[in-house]
Structure formats: C-alpha cells, structure tokens
Amino acid sequence: MDDASQGIVTAAFLVIGDEILSGRTKDKNIGYIAEFLTLAGIDLMEVRVVPDIEARIVEAVNALRGQYDYVFTSGGIGPTHDDITADSIAKAFGVTIDHDPRAMALLSAHYPPGEFTPARQRMARIPAGADLIENKVSKAPGFRIGNVHVMAGVPSIMQAMLDAIAPTLRGGARILSQTVDADLPESRIADALRTIQGENLDVIIGSYPRMTDGRFSTQVVLRSRDAARLGPVAADVEAAVAAAKAMEAAKKA
C-alpha cells in the first residue's frame, strides 16, 4: 500500500549554503520545519545539505521533488553573487528566470528612492511560472514552483514564509504519540522493546536514554496514526518496565 492510499503526505528539506557546511553558520531551520510539518500532518522524510554549487542543487532538487509530495528549501535567494538558488531551481525545472514584475513592484515600494540597487533587484529574479511566497519580514519574496517551496535561510524570514504557505499545504493523517517513563537504564529494557516493536510494526517505538543527577533513566515514546493502537502497546511497555524493575529488585534482595 502506498503512502497516498494511507493518507500520508511526505516532504524533504533541502538546506543550501557553503556557510552551513563550513560551520560558520549554525543551522536553526531544520528543527523548526520538522516541528512545523509534524503539526501540519506532513512527514519530513529526508534532510539534505548541499553547497552553493549549481549542479549539486539541481541534482538534489530533481531527486527530491520526484520522491516526495513537498520539497522545502532554505538559503541562497539573497542579493549577493553567490546566491544562486533561484537560478538553480529554474535550471532544475527547465524554465527561464528573469526579474518578476510582481517581485519588482513589492521591493521597489519597500526601499526608499535610490536604494533599490541592482544587487537588491537580484532578489526579484523568479523562475518563469512560479508563484510568490509572501515575506512579511523583509518583503523579498520566496517562490513556489511545482511541489518545491523556495525560502530564505534567515530563520525569522523562513518562519514567516512558512506561515504564509501553511494554508496551501495538504496535510495527512497526523502521527500521535504517547510516552512511557522508565526509571531504568535503557539496556535493562532493550530486549523487551525489541520484541514489542517486532510484534507491533504499526507503532513506532523510540527509546531515549537520559541521565539526571547521575542516575540513568529512559523515556520510551510510542508513535502511531491510530490512536487506538497506542494504549495497548503502551501497556505492553509498562509491563516490560515493571518486570525489569522487579528483576532489579530481586537481584538486590
């Protein structure tokens, strides 16, 4: 059964920029968009980071847009010479790119007379056939072409663009979650969790070890699109935790 028949909507996020790969700029967008998409009922399935190299951007965009329902990109649509994302997207789609009259009007009205420089006009270059994505922060728009949404890399601007496109996105069945806290090291329940997972493939079981005040514990998170499945599996996990704690107590007795 394919994703569409199960009401699942998928997405990929493409981060573009040498500054991310060099470590000079710390990415703050991946976590935000992951949470944003989860709340929208869209599964973020893949994240890629590519340099400011046209061929690499084109390759990634074409691979991702054919595999997922949505592709979101961040970075590389500013006014400088190395902002090549818009040109790369145009090449990926096989369309021309030029100064878009809508974007030119937005930016011309935004900047004081004489300050809408040729460099800033680069931000109005949009691939043919693309729709604009509103930017309430600095006015320079992003754009959408096909299933690809191209946004700025500056976190506040990217977040504003996500808010602008949110009503246009098709969400699927949302993943629900339930948490079981285990006052035990992860190793004590690992085998039991592996067995429970094998018997309940429609529920994703994540195990997350923690240490507080020198004491190890584990948080087990169950995820499923079927709310009715979470309770029974959580009960199995709780029973496994209780059995492990009883065994620990017996060893100490």
Side-chain angles (χ1 to χ4, degrees), residues 11-20 25 27-30 32-34 36-37 40 42 44 47-50 52 54 57-58 60-62 64-65 68-171:
F13 185 37
L14 179 62
V15 182
I16 301 168
D18 295 337
E19 69 278 7
I20 299 294
T25 298
D27 178 83
K28 297 181 179 179
N29 292 328
I30 295 174
Y32 186 91
I33 198 169
F36 173 91
L37 293 176
I42 299 172
L44 180 60
V47 175
R48 293 194 194 186
V49 184
V50 296
D52 293 309
E54 183 182 85
I57 299 170
V58 170
V61 167
N62 282 335
L64 296 172
R65 71 187 178 97
Y68 303 108
D69 295 303
Y70 293 117
V71 177
F72 302 90
T73 81
S74 71
I77 57 172
T80 60
H81 72 283
D82 58 345
D83 287 312
I84 63 170
T85 296
D87 292 88
S88 301
I89 299 292
K91 187 167 185 177
F93 278 84
V95 300
T96 59
I97 183 170
D98 205 345
H99 292 93
D100 184 285
R102 300 164 298 175
M104 289 290 286
L106 283 170
L107 291 169
S108 179
H110 174 67
Y111 289 106
E115 293 189 19
F116 189 29
T117 63
R120 286 170 170 164
Q121 290 175 25
R122 280 180 51 83
M123 295 186 292
R125 297 178 71 255
I126 305 292
D131 297 317
L132 301 187
I133 297 176
E134 182 183 12
N135 170 8
K136 290 185 176 180
V137 177
S138 63
K139 293 302 179 183
F143 60 87
R144 174 179 56 249
I145 181 169
N147 63 341
V148 179
H149 297 72
V150 180
M151 302 176 292
V154 177
S156 61
I157 299 177
M158 191 208 73
Q159 291 167 22
M161 289 181 174
L162 281 175
D163 289 340
I165 64 176
T168 72
L169 300 176
R170 174 176 60 90

Stepwise side-chain contact (heavy atoms from CB on, under 4.5 Å) test for Ile157 and Ser138: CA-CA 7 Å; Ile157 299 177; Ser138 63; 3.4 Å; yes
Side-chain heavy atoms of Phe93 within contact of Val148, under 4.5 Å: yes
Non-hydrogen atoms of Arg170 and Asp69 that approach each other most closely: NH2-OD1, 3.6 Å
For Val71, the option from Leu64, Val61, Asn62 that meets side-chain contact (heavy atoms from CB on, under 4.5 Å): Leu64
Distance (rounded to the nearest 0.5 Å) between Arg122 CZ and His99 NE2: 8.0 Å
Donor-acceptor contact present, side-chain Asp18 to main-chain Asp52, <3.5 Å: yes
Reported NZ-to-NE2 distance for the pair Lys139 and His110, which is rounded to 0.5 angstrom: 7.5 Å
Shortest non-hydrogen separation from Phe13 to Ile33 and the atoms involved: CD2-CG2, 3.6 Å
Leu107 and Gln121, any side-chain heavy atoms less than 4.5 Å apart: no
Leu162 side chain near Met151 side chain, heavy-atom distance below 4.5 Å: yes
Heavy-atom closest pair, residues Ala60 and Leu14: CB-CD1, 3.8 Å
Straight-line distance of Ile133 CD1 to Met158 CE, nearest 0.5 Å: 11.0 Å
Residues forming a salt bridge (charged side-chain N to carboxylate O under 4.0 Å, His left out) with Asp27, sequence neighbours excluded: none
Nearest-0.5 Å distance, OG of residue Ser74 to CE of residue Met161: 10.5 Å
Donor-acceptor contact present, side-chain Asn29 to main-chain Gly153, <3.5 Å: yes
Spacing of CG belonging to Asn135 relative to CE belonging to Met123, to within rounding of 0.5 Å: 9.0 Å
Nearest heavy-atom neighbours spanning Thr168 and Ile165: OG1-O, 2.7 Å
Non-hydrogen side-chain atoms of Asp83 and Ile77 separated by less than 4.5 Å: no
Student check: side-chain heavy atoms of Leu106 and Leu132 closer than 4.5 Å: yes
Ring pair (Phe, Tyr, Trp, His ring centres under 6.0 Å) pairs, two or more places apart, involving residues 131-156: Tyr70-His149, Phe72-His149
Residue pair Ile145 / Pro127: nearest heavy atoms and the distance that separates them: CD1-CB, 4.3 Å
Partner set under side-chain hydrogen bond (donor to acceptor under 3.5 Å, both in side chains) for Glu54, not counting sequence neighbours: Lys91
Asp100 side chain vs Ile126 backbone, donor-acceptor pair below 3.5 Å: no
From CA spacing to verdict: side-chain contact (heavy atoms from CB on, under 4.5 Å), Val15, Val50: CA-CA 6 Å; Val15 182; Val50 296; over 6 Å; no
CA sep, side-chain torsions, deciding dist, call: Arg125, Asp87, salt bridge (Lys or Arg N to Asp or Glu O under 4.0 Å): CA-CA 8 Å; Arg125 297 178 71 255; Asp87 292 88; 2.8 Å; yes
Minimal non-hydrogen separation, Met104 against Ala124, with atom names: SD-CB, 3.5 Å
Check: Thr85 side chain, Gly76 main-chain N or O, donor-acceptor pair, under 3.5 Å: yes
Value rounded to 0.5 Å, distance of OG1 in Thr73 from CD1 in Ile89: 5.0 Å
